[in-house]
**Q** 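Here it is, the structure in full.
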Amino acid sequence: MKNCLSLDEIREMLVAVSTAIVDAEGFLTEIDLAVGDGDHGTGMALGFGEIKNMLLQAREYPTVQALFLEVGGKLIDAMGGASGILFGTFFISGIRHVESEKTLALKDFACIFENAYKAISARGRAKPGDKTMLDALYPAAEALKQAAEKDLPLAEGLRLASQKAAAGAEATRAMKASTGRAREYREASIGHQDPGATSVSLIVGSMYGYVQAMETP
Amino acid sequence: VNDRKNLVTEMIEGFMLAYGNTYRKLEGRNGILLRERMEKVSIVTGGGSGGEPWCIGCVGVGYADGVAVGNVFAAPSAMTVAEVCREVYHEKGILLVTGNHAGDRMNFELAAEILEMEGIRCETVLVTDNMATSQVRAERSGLAGCDIVVQAAAAAALEGMDLDGVKRIAAKANANLSSLSATMELGENPVTEKSMGWIGEDEVHIGIGVTGEPAMKIIPMGTAKQIGGVLTDHLAEDLRLGQDDEVAVSVNGGGTVTVMEALIMCREVLTNLSQRGVRAFDVNLAERIKVGKTNAVTVSILKLDPELRKYVACPARSPLVFKHHF
C-alpha cells in the first residue's frame with residue numbers, strides 16, 4: 001500500500017487532475033451559465049490545459065514546492081481574473097507550510113488543503129456556506145485532517161476527502177450566492193450547483209482516482 | 001489606435017522606445033523598472049491600465065522603483081508583481097502599494113506570499129482613499145490616492161528609513177487621506193469602446209470609483225463653486241478638518257477636464273478650506289487617473305503631521321507625472 005507519492009507521481013497526479021478539469025469543460029460551462037456568465041469552464045479548461053501540457057513535457061522539478069509554484073503561477077497567468085488567482089492560491093498558498101520537499105504523504109495533503117482553505121477564505125473574503133469553492137474545499141480539508149490524525153492509508157484519506165468534497169459541491173445547490181460575481185444572481189442561484197465548488201470536487205476526486213488506480217494492479 | 005486587443009503591449013512599447021534609457025521592461029511580462037537600482041527599501045506598485053498616467057506613470061525617482069502593469073481595467077498578475085519584486089533591489093525589503101480592489105489586492109497578497117517563500121521580505125499597504133465606498137476606512141476602495149501614498153513612502157525610503165518605517169509612513173498617509181470624485185460624464189472602455197455608464201445632462205455623480213463603484217449621491221449640475229463645495233465639505237468632514245490643520249491637496253482633472261477648469265476647481269477647494277482655517281501646505285494639480293472621455297474631477301486631501309509634511313514636500317518625477325513642492 002502506497003503511503004506517499006514521489007515527485008514524479010505527484011506530477012502524474014496533477015496531469016490526471018488537469019485532464020479531469022479539461023474533460024469537464026462542457027459541464028462546468030453549463031452549470032456556470034446558470035449562476036454566472038458561463039466563463040468558468042472555458043477559463044478552467046484553458047488554465048489546466050496549459051498545466052497539462054507543461055507537466056507532460058516531463059520536466060524535472062527539484063521540489064514539490066517548485067512544482068506547485070509553477071502550476072499555481074501558470075493558472076494565474078493563463079486564466080487571469082478571480083478564478084485564476086483563487087485556484088492559483090490553492091496550489092501556491094497550499095504548499096507554503098508543507099515541510100516535505102520530495103514526497104507527499106497524507107499529512108502533507110491535509111496541510112495543503114488546510115492552508116489552501118485558509119488562504120482562499122481570506123483572499124476571497126468568503127466562508128463556507130457562501131456558495132463558493134470553499135463549500136467543497138473545507139469539508140475535504142477537514143476529512144484529510146481527520147484521516148491523517150487516524151493515520152489512515154493515503155488512498156483511504158483521499159477517498160473520504162473526495163466524498164466530502166462531492167457532497168459539499170452538491171450541497172451548494174441549496175445555497176444562495178453572497179459573494180463574487182454569482183452574487184448578482186442571488187435568488188436565481190438557488191437550485192444550481194456552484195461551479196467553483198464543482199471544480200474543487202473534480203480536483204480532489206481525480207487525486208483520489210490517481211492514487212486508487214496506482215493501487216489497483 | 002492600431003489594435004484594441006493590443007493596447008497595453010503597444011503602450012508599453014511606446015513608453016520603452018521613448019524612455020528606455022531610464023527604464024527597463026521585464027522579459028515577457030508587463031513590468032517596468034527604473035534602471036537605477038538604489039540601495040534602499042524598494043517600492044513596487046501596480047494596477048490596471050486604462051487610467052493613465054496611473055499606473056505606468058507611477059515609477060520614477062521619488063515614486064515607485066517598479067510597477068506591474070495590468071491589462072485594461074484588470075489587475076496585474078501576481079506572477080508579474082513577484083517578478084518585478086525579484087528584479088528591483090530587494091535586500092532591504094520591498095513595500096507593495098496598490099489600491100484596495102479585489103483583483104489588485106488578491107494578486108499583490110499572493111505575490112507577497114510567493115516572495116516570502118523565496119526569502120524576499122515585503123510588506124503591503126492597500127490604499128483606501130475613496131471615501132464614497134464605505135464608512136469604514138479599511139473597506140474603502142482606492143481612487144486617486146495610490147501615487148500619493150507611493151510618493152510619501154518613496155520619500156521615506158530615499159531618506160534611508162527601513163521597511164517597517166516606510167510601511168508606517170505609507171499606512172499613516174493612507175489613514176489620513178480621503179478622495180472624492182465628481183463625474184459629469186462617463187467615458188468609454190478603451191477595449192470595447194462601449195460607454196461605461198450614463199449620467200444625466202443635468203446631473204453630477206459624486207463618488208464614482210475607478211473600478212465602477214457607484215456614486216454615493218447625485219446632485220444637480222452646478223457651478224464649480226457648488227461642486228467644489230460639496231466635495232470639500234464631505235472630505236473635510238471625513239478627515240475631521242478644523243482650525244489650524246495642515247493638508248496637502250490634490251486636484252485631479254481627469255479625462256476631458258481642461259487645466260483651466262481644474263484650476264477653477266482648485267480655487268474653490270482652497271477657498272473653502274481656507275474659510276475653515278485649514279492651511280493648504282502643498283497643492284498638486286495633476287492628472288493622476290484619466291479614463292477615456294470621462295469628464296470628472298477628483299479631489300484628494302491628505303491631513304498632515306510634521307512627519308508627513310516633510311515627505312510630501314519631497315520631489316518625485318516620472319515622464320508622465322511629477323510632484324514638486326512650490
Side-chain angles (χ1 to χ4, degrees), chain A residues 39 43 46-47 50-51 54 62-99 101 111-112 115-116 118-126 130 132-133 178-184 196, chain B residues 5 8 26-31 46-49 68-86 96 98 100-120 122 124 126 128 133-134 136 138-141 191-192 211-212 214:
Chain A
D39 65 351
L46 182 75
E50 288 216 9
I51 289 174
M54 178 178 93
T63 60
V64 56
Q65 283 74 13
L67 170 59
F68 271 53
L69 190 62
E70 194 146 325
V71 166
K74 197 86 180 168
L75 284 181
I76 295 167
D77 281 335
M79 293 167 66
S83 293
I85 192 80
L86 292 172
F87 280 90
T89 293
F90 175 86
F91 288 96
I92 295 171
S93 306
I95 205 68
R96 204 171 157 203
H97 298 292
V98 173
E99 280 170 15
E101 292 190 340
C111 183
I112 291 170
N115 290 326
K118 284 182 183 160
I120 291 170
S121 175
R123 196 144 297 152
R125 308 234 161 121
D130 289 344
T132 68
M133 62 193 284
S178 58
T179 183
R181 209 178 290 160
R183 183 180 50 202
E184 291 156 31
Chain B
K5 288 196 187 104
V8 175
L26 292 180
E27 192 75 33
R29 291 197 173 273
N30 287 338
S49 295
V69 182
N71 283 328
V72 173
F73 301 161
S77 130
M79 307 314 280
T80 301
V81 177
E83 191 59 20
V84 170
C85 291
R86 291 183 193 109
L96 298 169
T98 192
N100 187 31
H101 308 117
D104 292 324
R105 176 180 59 77
M106 293 195 288
N107 278 285
F108 273 75
E109 274 177 10
L110 186 56
E113 266 186 43
I114 294 169
L115 293 161
E116 198 190 299
M117 286 197 283
E118 295 172 5
I120 297 178
C122 42
T124 306
L126 297 171
T128 55
T133 47
S134 174
V136 184
E139 288 172 6
R140 292 176 177 177
S141 61
V191 179
T192 61
T211 57

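Note on naming: letters A, B, ... go to the chains in the order of the sequence lines (proteins, then strands), and numbering restarts at 1 for each one.
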**Q** Keeping to residues at least two apart or across chains, list the salt bridge (Lys or Arg N to Asp or Glu O under 4.0 Å) pairs with something in residues 76-88 of chain A.
**A** Asp77(A)-Arg29(B)

**Q** Starting at CD of Glu139(B), measure out to CZ of Arg125(A) and round the result to the nearest 0.5 Å.
**A** 8.0 Å

**Q** Is there any residue in residues 68-76 of chain A with a non-hydrogen atom under 4.5 Å from a non-hydrogen atom of chain B, and which ones are they?
**A**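 So far as heavy atoms go, Leu69(A), Gly73(A), Ile76(A) are the residues that approach chain B to under 4.5 Å.
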
**Q** Tell me, side chain or backbone of Ala102(B) under 4.5 Å from chain A's heavy atoms, or both, or neither?
**A**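 Looking at Ala102(B), nothing touches chain A.
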
**Q** Within residues 107-120 of chain B, which residues come under 4.5 Å of chain A, heavy atom to heavy atom?
**A**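 Interface residues of residues 107-120 of chain B: Asn107(B), Glu109(B), Leu110(B), Glu113(B), Ile114(B), Glu116(B), Met117(B), Glu118(B).
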
**Q** Return the set of residues passing side-chain contact (heavy atoms from CB on, under 4.5 Å) with Glu27(B) (not counting sequence neighbours), or none when no residue passes.
**A**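 Expected list: none.
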
